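Because the structure is predicted, anything quoted here is derived from the model rather than measured. Every chain is numbered from 1, with letters handed out A, B, ... down the list of sequences.
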Amino acid sequence: MPEGHTIHALAARLNRTLGGEQVDVSSPQGRFAADATLIDGRTLDHASARGKHLFIHFDDLADLTLHVHLGLIGSFHVKQRSEQGTAASPPRLRLEGRSHIAELRGPMICALIDEPSRQTILDKLGPDPLHAPDVLADGAGRAWARISRSRKVIAELLLDQSVLAGVGNVYRCEVLFRHRIDPFTPGRELGRRLWDSLWDDLVALLPLGAAFSQILTMQDQVDAAAELVGDGSALAIAEGLTGERLGDHFERRFHTYQRTGERCDRCGRRIREQVLGGRTLYWCPGCQRRRKR
DNA sequence: TATATATGGATAA
DNA sequence: TATCCCTATATAA
C-alpha cells in the first residue's frame, strides 16, 4: 500500500537486488505478456522513483522504460529465490534475477513507455520531498506558488500530485495534525510560514518512512527512527535509503488516521472523519482549528 | 460466502 | 460527483 515513501524504497530495493543483472521477465497473469517478451533476457540497469511513479530502465531497449504505478491496491514484492511464494494470484509481471524475484500484482499502471511520454508524466508532477533536486531547487516555493493561489482546502491540495508529489492519505492526515492545521483551511489562507513548516516536516518524515518502509508520524517513533538511521540530513537518508529495514520495526500507531471516534492523544476530543476529495479524511476537531496567519 | 474497505487516480457525466 | 480498475484482507452473514 503505497505512498511516495513506498515507491522510493522499492526502487532502492530493486537496485540492490536486481540492478545490473540480466533478468528473466514473464507475465504469468498474461495481461503484460507481449511487453514482457520485449524485456525478457535484458539487463536491468536501474530503477528510479518520482512521487508515486516507479520507472525501471533496461539496457538495449530502445528508449523504452517500464512505468509502474501501484495505485491503491497494487503490490511489488521483492523476495529471495529461496522464499516460498504463498501462492496468491498470478503476478502480472515477474522479474527473475540470480538471487531475487520481483512480483507485481494489481498495479494501476504497468506499461512500456517512450521518453517523451515519461517526460510528460514527470512534467505533471509537483516537487517530491523525496527527490533531492526538488528539495534543493526550492520545491517548497514551487508548491507554495500553487497553494497560495488556490481556494481549495489544504487537505485536498496535499493529495494533488501536481501540487506536490508523493503524499497520500495517511501522510496528509497525520502531517496536518502534527502542525495543528484545520484541514479545511483554503490554500490561499494558509500562510507561507505554516506551509514551510509542513514541507520541511515532509522532507524529514518521508525519508524515514522510506528507510523503514513504514509511515512514522508519532514523534517518539520519529525520534527513535532518526536515531537508528544515525546522523545526517533527511536528504542524506533519502539518497542512502537502505530499504532493508522491512517489516514491522515499529508498532502501527497514528494520531488520527483510521481512529474515528477514538480520543485524541493530545486533547482528548474524539477524532472525526469525512470524505474529502474522494478519500477519507481524519482529523481532531480540538487540535486542528483555524488559525490566523 | 458475501460485502466493505484500502496508503490512487483516470475518466465519464 | 460517480464509476471503474486491480487485489488483499477483515468483518458480516
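- Base contact: A:Gly106 has a heavy atom under 4.0 Å from a base atom.
- A close approach under 4.0 Å does not occur between any side-chain nitrogen or oxygen of A:Gln29 and OP1 or OP2 of C:dC6.
- Nearest-nucleotide positions on DNA chain B for A:Leu159 and A:Thr280 put A:Thr280 closer to the 5' end.
- Between the OH atom of A:Tyr282 and the C1' atom of B:dT5 there is a distance of 9 Å, rounded to whole Å.
- One can place CD1 of A:Ile215 at 13 Å from C1' of B:dG8, the figure rounded to the nearest angstrom.
- Salt-bridge check for A:Asp160 with A:Arg146: passed, with a basic side-chain N closer than 4.0 Å to an acidic carboxylate O.
- Within the 4.0 angstrom heavy-atom criterion, base atoms lie near A:Arg252.
- If you measure from atom CG of A:Asp160 to atom P of B:dG8, you get 13 Å, rounded to the nearest angstrom.
- Proximity of A:His69 to the phosphate of B:dG9: a side-chain N or O atom is located under 4.0 Å from OP1 or OP2.
- Close to B:dT7, at under 4.0 Å from its OP1 or OP2, lies no side-chain N or O of A:Tyr171.
- If you take CG of A:Leu72 and P of C:dC4, they are 16 Å apart, rounded to a whole angstrom.
- Atoms NE2 and CG, on A:His131 and A:Leu206 in that order, are 14.0 Å from each other to the nearest 0.5 Å.
- Closest contact between the side chain of A:Met108 and the listed nucleotides B:dG9, C:dT7, B:dT7 involves B:dG9.
- With distances taken from any side-chain atom of A:Lys52 to the nucleotides B:dT7, C:dT7, B:dG8, the minimum falls on B:dG8.
- Separating the CD atom of A:Glu103 from the P atom of C:dA8 is a distance of 11 Å, rounded to the nearest angstrom.
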Taking it one step at a time, do A:Ser27 and A:Asp35 satisfy side-chain contact (heavy atoms from CB on, under 4.5 Å)?
CA-CA 9 Å; A:Ser27 178; A:Asp35 285 335; over 6 Å; no
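- Checked against C:dC6, B:dG9, B:dT7, the side chain of A:Gln161 finds its nearest nucleotide in B:dG9.
- In this structure the side chain of A:Ser162 never reaches within 4.5 angstrom of the side chain of A:Lys124, judged on heavy atoms.
- Between the P atom of C:dC5 and the CG atom of A:Leu104 lies a distance of 19 Å, rounded to the nearest Å.
- Comparing B:dA10 with C:dA8, their P atoms are spaced 23 Å from each other, to the whole Å.
- When heavy atoms are screened at a 4.0 angstrom cut-off, A:Phe76 is found touching no nucleic acid atom at all.
- The C1' atoms of B:dT5 and C:dC4 are separated by 16 Å, rounded to the nearest whole Å.
- Across all strands, A:Leu70 comes closer than 4.0 Å to no nucleic acid atom at all (heavy-atom distances).
- When the nucleotides B:dA6, B:dG8, C:dT7 are ranked by their closest atom to the side chain of A:Ser89, C:dT7 comes out on top.
- Between A:Lys152 atom NZ and C:dT1 atom P there is a gap of 11 Å when expressed in whole angstrom units.
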Quick one, A:His5 with A:Tyr171, criterion ring pair (Phe, Tyr, Trp, His ring centres under 6.0 Å). Give me CA distance, side-chain angles, the key distance, then yes/no.
CA-CA 10 Å; A:His5 70 294; A:Tyr171 275 116; 5.4 Å; yes
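- Following rounding to the nearest Å, A:Glu174 (CD) and B:dT7 (P) show an atom-to-atom distance of 12 Å.
- Within the 4.0 Å cut-off from OP1 or OP2 of B:dG8, at least one side-chain nitrogen or oxygen of A:Arg279 is found.
- Annotation: side chain of A:Ile271 is not in contact with side chain of A:Trp283 (no heavy-atom distance under 4.5 Å).
- As the counterpart of B:dT7, no nucleotide is assigned, since no Watson-Crick or G-U wobble pattern has both distances under 3.5 Å.
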